[in-house]
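Numbers for residues simply follow the sequence, beginning at 1. In this text the structure is predicted, and so the values were computed from the model without any measurement. Every number for a ligand or one of its atoms is a count from 1 in the order of the listing.
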Amino acid sequence: MTNDTLTITDNRTGRTYELPISYETINAMDLRQIKVNDDDFGMMSYDPGFKNTASTKSTITYIDGGKGILRYRGYPIEQLAEQSNFLEVAYLILFGELPNQTQYDDWEYRILHRTFVHENIKKLMQSFRYDAHPMSMFISTVAAMSTFYPESRDITDEATRMKQIIRLIAKVPTVAAFSYRNLRGLPYVYPDNDLSYSGNFLSMLDKMTEVNYEPNPVLERALDVLFILHADHEQNCGTATMRVIGSSHSDPYSAMAGAAGALFGPLHGGANEAVLRMLTEIGDVKNVPEFMEGVKNRERLLMGFGHRVYKNYDPRARIIKMIADQVFEVTGPNPMLDIALELERIALEDEFFVSRNLYPNVDFYSGIIYQAMGFPVAMFPVLFAIPRTVGWLAQWVELLNDSTQKIARPRQIYLGEGERDFVPMGER
Ligand code: CMC
């Protein structure tokens with residue numbers, strides 16, 4: 001017996017079990033042998049919210065939450081944000097290595113020439129109400145895309161899979177931009193394949209009567225960096241949803257609609273929207289102390305703070321804070337920034353936040369930049385979903401290629417009634 005084991009003594013029976021440890025982890029199924037008698041189902045672990053359960057082995061994204069480290073395929077997020085671009089990072093995340101020039105050119109061409117959507121997708125989106133939330137439109141449209149590409153249900157064929165991956169990465173900016181134009185009551189703008197990925201997105205958002213739309217290079221680069229920062233984040237709520245749905249061998253559109261639905265929630269990708277609503281409600285730096293008292297009295301959360309994994313400054317928040325200045329030089333300052341900086345200043349000194357390791361997360365500053373760029377708050381989760389498409393798809397492929405993966409199906413501890421006889425209506 002090696003030392004890489006865990007010895008468990010069941011005090012109910014006095015029996016001792018030796019469980020193997022690999023990667024600092026025990027296999028939950030090894031607990032099942034721990035029984036009081038032969039009829040016993042066996043021991044399970046209870047872990048609401050999967051706080052301490054690894055559901056997969058992965059080679060895509062590494063996070064050290066204590067040290068504030070984030071790497072895609074081994075490359076530090078800071079280097080990628082400074083030296084790479086979103087499509088290159090997308091290639092890296094999906095295929096595991098940085099592309100050479102030929103591979104990059106081919107990849108970029110394939111993405112930028114799949115940006116148009118079927119006209120019926122446009123019509124479908126136009127049929128939403130004028131005030132439809134753009135994220136709800138995004139989720140529904142991604143789900144509806146499975147009806148346009150029925151071959152996508154063949155998830156075992158690698159070439160078919162790759163076709164959907166390219167389609168999705170290419171078309172999500174178009175769907176996102178259409179949802180924005182719907183909100184604004186403006187005609188939808190078709191993609192311009194001569195522009196970069198983020199430049200084309202800006203064009204579809206802003207273009208009016210210009211023949212050739214020229215994106216502002218600072219905003220184009222800022223958006224591209226924001227896309228890099230949001231591309232993947234290992235087993236978060238949305239990605240775990242992608243994997244759970246993917247594990248039943250659904251098509252990628254259905255799985256991604258579910259993942260985007262998870263992302264929409266205010267505790268996840270909807271947090272940047274919640275941050276802006278919170279800052280607007282605070283309204284002025286002088287109201288910050290009173291607001292913070294409310295947080296400490298547990299009347300509300302400080303949105304954009306705290307993270308399941310990071311117990312240190314989120315490295316993405318640090319990068320976003322840096323690019324904010326460049327954006328504000330173009331757009332003019334966002335008055336919300338002063339309120340955010342004051343909230344952060346207090347939180348980083350206050351015992352309540354310090355003792356709980358609550359630091360700004362990615363959503364704390366991203367919304368302020370998005371707002372300065374002219375996006376309505378309702379667009380924020382959509383802006384998160386565009387780049388996260390890459391992470392979702394990379395994790396989906398990893399799942400499908402992992403022969404140890406099974407359909408996701410957690411257990412429960414049943415605490416309800418025992419068997420009882422049906423009572424007719426008149427006797428209740
Ligand atoms: N404001 C005030 N208190 C907080 C906050 C917050 N934002 N976040 C956590 N806490 C407290 C929480 O009340 C608890 O205190 P105690 O131990 O005394 O009961 C302690 O800190 C630990 O929190 P938790 O809820 O057990 O932590 P969690 O890992 O389950 O939740 C979280 C993580 C991100 C859901 C949570 O921090 C939160 O709700 N934050 C606000 C929403 C937010 O900004 N979400 C974006 C996350 S990053 C981007 C993304 O995932 O998409």
- Query: Given the rule in the side chain to side chain contact (heavy atoms under 4.5 Å, CB included) test, do Q164 and D251 qualify, once you have shown the distances and angles that lead to the verdict?
  - Reply: CA-CA 9 Å; Q164 316 317 315; D251 69 85; over 6 Å; no
- Task: Write out all pairs satisfying ring-ring contact (aromatic ring centres under 6.0 Å, His included) with one or both partners inside residues 318-366, taking only residues at least two apart or from two chains.
- Result: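 For residues 318-366: F305-F364.
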- Message: Taking non-hydrogen atoms within less than 4.0 Å of ligand 1, which protein residues qualify?
- Response: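 Lining ligand 1: K51, L267, H268, G269, A271, V295, R298, L301, L302, M303, G304, F305, G306, H307, R308, F352, R356, L358, N361, V362, D363, F384.
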Could you tell me how the ring of [X] sits relative to the ring of [Y]: parallel (under 30°), tilted (30 to 60°) or perpendicular (over 60°)?
X    : Y    : result
F201 : F375 : parallel
H230 : Y370 : tilted
H307 : Y310 : tilted

- Item | Identified side-chain contact (heavy atoms from CB on, under 4.5 Å) counterpart of D314 within the set D363, I319, V362 |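 Testing each of D363, I319, V362 against D314, the sole residue satisfying side-chain contact (heavy atoms from CB on, under 4.5 Å) is V362.
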